[in-house]
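These notes are about the structure you will find just below.
Note: hydrogens, waters and symmetry copies are ignored here, and every other heavy atom, side chains too, is used. Counting begins at 1 with the first residue of the sequence.
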Amino acid sequence: MIVSTSSHNVQLHPGIHEFVEHAIQDALKRFDNEVVSVDVFLKDVNGPKGGRDKQVIVRTHLRQRRQLITETVHDNLRAAIRIGARRAKRAVRRSLRKARRIEKVRMQNRLHGLAAGIDA
């Protein structure tokens with residue numbers, strides 16, 4: 001899994017980059033076979049004014065060209081990164097469950113179609 005980080009109005013210290021990579025890798029390690037890459041965008045919305053303005057957008061690229069995007073806003077950048085990683089994990093889990101359910105229904109429909117063809 002490839003993790004890339006970019007920022008807008010945020011000082012991207014090496015420690016922050018490592019923190020992002022560790023948080024994402026830790027959250028999505030279960031889905032390593034399904035996740036191709038993750039792009040993390042860090043932004044300070046209000047600049048030096050302060051407040052609840054640290055935005056983290058996590059764009060997760062899954063196999064078969066599926067893409068999930070989650071957004072988190074918090075007053076602390078590291079907290080926003082942790083929350084964003086957890087939200088990405090939940091989104092990936094939800095998406096994969098849905099895809100598996102759809103595939104299961106398709107297989108059942110194929111089997112019913114084959115059985116109907118044999119009975120006819």
Side-chain angles (χ1 to χ4, degrees):
M1 166 181 7
I2 301 167
V3 179
S4 66
T5 308
S6 63
S7 65
H8 186 266
N9 293 340
V10 175
Q11 291 290 339
L12 194 57
H13 303 292
I16 294 292
H17 179 69
E18 291 172 11
F19 184 78
V20 168
E21 193 162 327
H22 177 54
I24 295 295
Q25 293 278 358
D26 192 43
L28 298 177
K29 64 185 169 192
R30 242 182 94 196
F31 309 109
D32 200 34
N33 293 333
E34 296 292 330
V35 176
V36 176
S37 65
V38 180
D39 301 321
V40 181
F41 303 96
L42 309 174
K43 185 176 181 181
D44 189 351
V45 180
N46 291 337
K49 294 178 188 175
R52 192 177 171 101
D53 65 342
K54 306 299 188 273
Q55 181 183 47
V56 175
I57 297 173
V58 180
R59 183 172 57 193
T60 309
H61 301 273
L62 302 176
R63 294 163 92 213
Q64 300 168 351
R65 299 181 188 242
R66 291 181 290 166
Q67 196 177 107
L68 305 171
I69 299 174
T70 59
E71 179 182 348
T72 304
V73 178
H74 199 276
D75 58 340
N76 182 315
L77 183 60
R78 289 182 186 261
I81 292 167
R82 281 193 301 270
I83 294 167
R86 281 190 301 231
R87 285 183 179 173
K89 177 182 177 179
R90 283 195 303 265
V92 168
R93 184 173 48 224
R94 226 180 4 252
S95 176
L96 293 177
R97 280 182 183 163
K98 183 177 179 180
R100 286 184 190 120
R101 272 186 265 138
I102 290 170
E103 187 60 30
K104 187 176 179 180
V105 168
R106 284 183 184 158
M107 291 302 291
Q108 288 174 346
N109 289 342
R110 282 187 198 154
L111 291 175
H112 290 302
L114 289 175
I118 293 172
D119 291 342

Tightest non-hydrogen contact, residues Ile81 and Ala23, listed as CG2-CB, 4.1 Å

Considering residues at least two apart in sequence or located in another chain, which fulfil the salt bridge (Lys or Arg N to Asp or Glu O under 4.0 Å) criterion with Arg90?
-> none

Is any side-chain heavy atom of Lys43 less than 4.5 Å from a side-chain heavy atom of Ser7?
-> no

For residues Asp39 and His61, is any side-chain donor paired with an opposing acceptor at under 3.5 Å?
-> yes

What pairs with Glu18 under side chain to side chain donor-acceptor pair (under 3.5 Å), at least two apart in sequence or on another chain?
-> none

hydrophobic_cluster_shared for Leu96 and Met1, side chain cutoff 4.5 Å = yes

Which residues pass the side chain to side chain donor-acceptor pair (under 3.5 Å) test with Asp26, sequence neighbours left out?
-> Lys29

Exam field: side chain Arg87 to backbone Glu71, donor-acceptor pair closer than 3.5 Å = yes

Contacts of Arg78 that satisfy salt bridge (Lys or Arg N to Asp or Glu O under 4.0 Å) - sequence neighbours left out | none

Taking atom CZ of Arg93 as the centre, does the number of heavy atoms from other residues, nucleotides or ligands within less than 6.0 Å exceed 12?
-> yes

What are the two closest heavy atoms between Val58 and Gly84, and how far apart are they?
-> CG2-O, 4.0 Å

List in chain and number order the residues that pass side chain to side chain donor-acceptor pair (under 3.5 Å) with Ser37, two or more places apart in sequence or in another chain; answer none if no residue qualifies.
-> none

Just by distance, do the side chain of His13 and the backbone of Gly15 share a donor-acceptor pair under 3.5 Å?
-> no

Output all residues satisfying side chain to side chain donor-acceptor pair (under 3.5 Å) with Thr70, sequence neighbours left out; order by chain, then residue number.
-> none

